[in-house]
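When a ligand or atom number is given, it counts from 1 through the structure's own listing order. Note that the coordinates shown come from a computational prediction; the quantities given were computed from them, not determined experimentally.
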Amino acid sequence: MFIDGKWVDARSGRTFDVTDPATGEVIGSVPDGDADDAHAAVTAADAAFGSWSTTTAHERADLLYRTWELLRSRSEELARLMTREQGKPLKASTAEVAYAGEFLRFYAEEATRVTGEWRPSARADQRFLVLRQPVGVAAMITPWNYPISMLTRKMAPALAAGCTLVLKPAESTPLCAKAVFELFEEAGVPAGVVNLVTAEQPAPIGDVFTSDRRVRKLTFTGSTEVGRRLAGRATSNLKRVSVELGGHAPFIVFPDADPVRAAKGAAALKFLNAGQACISPNRLYVSKEHEDAFLGTMVERVSRIRAGNGFDDGVGVGPLVNEAAVAKVADHVDDAVRKGADALVGGHRLVDEPYDRGHFYAPTLLSGVRDDMKIHHEETFGPVAPVITYDDVHDVIGLANDTDYGLAAYVYTNDLGTAFRALEGLRFGIIGVNDVNPTSASVPFGGMQDSGIGREGSHDGISEYLETKVAAFAL
Ligand code: NAD
C-alpha cells in the first residue's frame with residue numbers, strides 16, 4: 001500500500017493473492033488492509049491537504065503532465081499487466097491505457113481553468129466574488145473492469161482541483177492500481193497527497209470512507225447495490241458523493257437505419273471487455289423489417305469472435321472476472337432459452353482445454369428475446385447480445401426507457417429528426433447516434449436514475465471536487 005509517500009505492509013501483516021482470470025495462476029500478492037490502515041491513509045491525506053491545496057494550479061498541472069508522460073512511456077508494460085490481471089485482449093488493454101492517459105492530460109490542462117466570477121449586487125456599494133476551492137480529502141473506490149482508466153478518471157480531476165485522496169481498488173485488480181501509484185510517485189507527488197489501501201474485504205474500508213469526518217467526498221464506481229449503500233451512508237454524514245453505477249443500455253435500430261452498419265457496430269461494441277462494461281448494450285431492439293439483415297450480419301460477425309487468453313493473437317473476448325460472473329451469464333442465457341429465445345451463436349460455457357483453468361463463456365447471440373426474460377431487465381455483464389424484434393416504431397423509446405438504469409443508449413438511424421426525437425426522449429446520460437464509442441475525457445460520463453449521481457470527465461468532472469464560496473465586499 002502507498003501511505004504518506006511510503007510503500008507499506010498492512011498493519012496486521014496480512015496479504016492476499018491476485019490471480020490471472022484466464023489461467024487461475026497466482027500472479028502476485030498485496031497487503032490486506034483493514035480499517036486501521038484506511039484511517040492511517042486518511043490521516044496522511046488530511047495532513048497533506050493544507051499544503052497541496054495551496055500549490056499553484058501550474059504546479060498541479062505539471063505533476064499530472066509528468067504522470068501522463070510516464071504512463072505513455074510505460075504503456076506496453078501497463079497493458080501487459082492489465083491483460084494478465086484483468087484478462088482483456090492486449091489490444092484492448094493498450095487502448096485502455098491510452099484512454100487512462102487522456103484523463104491525466106485533460107485535467108493537467110483543466111487545472112489552470114478553475115476560475116471565479118464577479119457577480120452583480122442589487123446594492124451600488126456592494127460587490128460579490130464567487131470562488132471555487134477544493135473540497136478536501138476525497139475517498140475513492142474503483143472497479144476491476146477498467147482497472148487503470150477508472151483510477152485516472154477520479155484521481156486526475158481531484159488532484160487538479162487541489163484535493164488529496166485515498167483510493168481502494170477492486171480486490172481482483174490491485175496490481176494495476178499499484179502501477180498507477182508508482183507513476184505518481186515517480187512523477188514526484190508530495191507525501192500524503194495520494195494514498196493507496198488494498199484490501200480483500202472492502203466493507204471495513206468503505207465504513208471508514210463513509211464515516212471518518214476528515215473525508216469530505218466519496219466517489220465510487222461499481223455496482224448499483226453497493227453504490228446505493230455507500231452513498232446512503234456517506235450522505236447521512238453529509239459528505240459529497242458521486243457514484244457511477246450499473247447500466248442496461250438499449251441499442252435501437254430504427255426502420256430508417258442501415259441494418260448491416262448497425263449490426264457491425266453492435267458486434268464490435270457488445271463484446272468489448274467480454275461485455276463487462278457498464279455502457280455495454282444489453283437490449284438490442286431491431287425493427288421487424290431489418291430482423292433478417294441484422295441477424296444475418298450479427299451471426300457472421302459473432303461466430304468469428306474467438307474467446308481465449310488475452311495474450312493470444314486473434315482473441316477478441318477474454319475471460320470473465322470470476323466464476324460467479326460466468327454463473328450469472330449462464331443463468332441469464334438459460335432462462336432466456338427456456339422461455340423461447342434462440343441461441344443463434346454460442347449459448348454455453350467454455351469448459352474444455354484450454355478454457356478449463358479460467359472463467360470463460362462463449363460469445364453468444366440470442367434472438368427472440370422478450371420482456372419476461374431476466375436478461376431483459378438485469379445487467380448481464382457478459383458476452384451476450386440479446387436481440388428483441390419490435391413492430392411499432394412508436395413504442396420503441398418507451399421500451400428502451402422501461403428500466404431503472406439510465407447510463408448509455410445507442411440509436412441507429414439515417415434520419416436527423418428520428419435521431420433528435422430519440423436523443424430527447426431517451427432517459428440516459430450518454431447516447432451514441434450511429435456511434436459505438438460515445439466516451440472521451442472531454443465529455444461528461446455518468447448516468448441517471450439507478451445508474452448514479454454525478455459526472456466524470458470534462459469540466460463537470462472537476463466540479464465534483466470543488467466547493468463554491470462567496471465573498472461580499474462593501475465598498
Ligand atoms: P462492486 O460494486 O462489487 O465493486 C466495485 C468496488 O466496490 C470494488 O472496489 C469493491 O471492492 C468495492 N466494494 C464492494 N463492496 C463494498 C463495500 N461493502 N464497501 C466498500 N467497497 C465495496 O462491482 P464490480 O463487480 O466490481 O463491478 C461491476 C459493476 O460496476 C457493474 O454493475 C458495472 O455496471 C459497474 N460499473 C460502472 C461503471 C460506471 O462508470 N458507471 C464503470 C465500471 C463498472
**Request:** Could you tell me whether S451 approaches ligand 1 through its side chain, its backbone, both or neither, with non-hydrogen atoms closer than 4.0 Å?
**Result:** neither
**Request:** Kindly indicate whether atom 26 (O) of ligand 1 is approached by any protein heavy atom to under 4.0 angstrom.
**Result:** yes
**Item:** Contact partition for T221 relative to ligand 1, non-hydrogen atoms under 4.0 Å
**Value:** both
**Request:** Report the nearest protein non-hydrogen atom to atom 22 (C) of ligand 1: residue, atom name, distance rounded to 0.1 Å.
**Result:** P202 CB, 3.4 Å
**Item:** Atoms of ligand 1, numbered as shown, that sit under 4.0 Å from any heavy atom of N145
**Value:** 43 (C), 44 (C)
**Prompt:** Hey, is I205 one of the residues with a heavy atom under 4.0 angstrom from ligand 1?
**Reply:** no
**Prompt:** Among the heavy atoms of F209, does any lie under 4.0 Å from an atom of ligand 1?
**Reply:** no
**Asked** Taking the six-membered ring of Y146 as reference, does the NZ or CZ atom of K88 fall below 6.0 Å from its centre and within a 45° cone about the axis?
**Response** yes
**Asked** Hey, is CD on E225 packed in by over 12 heavy atoms from elsewhere, all under 6.0 Å?
**Response** no
**Request:** Check whether more than 12 heavy atoms from other residues, nucleotides or ligands sit under 6.0 Å from atom CZ of R349, and answer yes or no.
**Result:** yes
**Prompt:** With respect to atom 35 (C) of ligand 1, which of G446, G222, C278, G227 exhibits the smallest heavy-atom separation?
**Reply:** G222
**Asked** Are E102 and R153 within salt-bridge range, i.e. N to O under 4.0 Å?
**Response** no
**Under 3.5 Å side-chain donor-acceptor pair for E85 and T173** = no
**Prompt:** Which protein heavy atom lies closest to atom 12 (C) of ligand 1, and at what distance to 0.1 Å?
**Reply:** I141 CG2, 3.6 Å
**Message:** Heavy-atom distances under 4.0 Å decide this one: backbone, side chain, both or neither, for Y146 against ligand 1?
**Reply:** neither
**Request:** Could you tell me the residue and atom name of the protein heavy atom closest to atom 23 (O) of ligand 1, and the distance to it rounded to 0.1 Å?
**Result:** S223 N, 3.3 Å
**Item:** Distance filter under 4.0 Å to R153 heavy atoms, resulting ligand 1 atoms
**Value:** 40 (O)
**Request:** Verify whether the ring centers belonging to F251 and Y412 lie closer than 6.0 Å.
**Result:** yes
**Asked** Which heavy atom of T67 sits nearest a heavy atom of A187, and at what distance?
**Response** OG1-CB, 3.3 Å
**Asked** Which heavy atom in L165 sits nearest to a heavy atom in A158, and how many Å separate them?
**Response** CD2-CB, 4.3 Å
**Request:** Output the list of atoms in ligand 1 that are nearer than 4.0 Å to some heavy atom of E379, sorted by atom number.
**Result:** 31 (C), 32 (O), 33 (C), 34 (O)
**Prompt:** Would you say T224 has any N or O atom under 3.5 Å from an N or O of ligand 1, going by distance alone?
**Reply:** no
**Message:** I'd like to check whether L245 has a polar contact with ligand 1, where a contact means an N/O of the residue lying under 3.5 Å from an N/O of the ligand.
**Reply:** yes
**Prompt:** Between T380 and N282, is any side-chain donor less than 3.5 angstrom from a side-chain acceptor?
**Reply:** yes
**Item:** Part of V321 within contact of ligand 1 (heavy atoms, under 4.0 Å)
**Value:** neither
**Request:** Write out the residue and atom name of the closest protein heavy atom to atom 24 (P) of ligand 1, then the distance separating them to 0.1 Å.
**Result:** W144 NE1, 3.1 Å
**Prompt:** Tell me, which protein residue and heavy-atom name are nearest atom 15 (N) of ligand 1, and how many Å apart are they?
**Reply:** V226 CG1, 3.5 Å
**Prompt:** How close does the nearest protein non-hydrogen atom get to atom 7 (O) of ligand 1, and which residue and atom is it?
**Reply:** F220 CE1, 3.1 Å
**Complete:** Under 4.0 Å from one or more heavy atoms of L407, ligand 1 contributes atoms 41 (N)
**Asked** Do other residues, nucleotides or ligands put more than 12 heavy atoms under 6.0 Å from the CD atom of E76?
**Response** no
**Prompt:** Do R283 and H248 get their side chains close enough for a donor-acceptor pair, meaning under 3.5 Å?
**Reply:** yes
**Request:** Determine, for R338 against D334, whether the closest basic-nitrogen to carboxylate-oxygen distance falls under 4.0 angstrom.
**Result:** no
**Heavy-atom side-chain proximity of V345 to P363 below 4.5 angstrom** = no
**Asked** Taking the six-membered ring of Y465, is the NZ or CZ of K217 close enough (under 6.0 Å from the centre) and on axis enough (within 45°)?
**Response** yes
**Message:** Against R74, only a single residue in E182, E69, E186 fulfils side-chain hydrogen bond (donor to acceptor under 3.5 Å, both in side chains); can you say which?
**Reply:** E186
**Item:** Proximal atoms of ligand 1 relative to E171 (non-hydrogen, under 4.0 Å)
**Value:** 10 (C), 11 (O)
**Request:** Could you list the atoms of ligand 1 found under 4.0 angstrom from a heavy atom of T142?
**Result:** 6 (C), 8 (C), 9 (O)
**Close-contact set for ligand 1 against P169 heavy atoms, below 4.0 Å** = 9 (O)
**Request:** Could you find the nearest protein heavy atom to atom 31 (C) of ligand 1 and give me its residue, atom name and distance?
**Result:** F381 CZ, 3.4 Å
**Message:** Out of all atoms in ligand 1, which are within 4.0 Å of some heavy atom of K168? Include the element for each.
**Reply:** 9 (O), 10 (C), 11 (O)
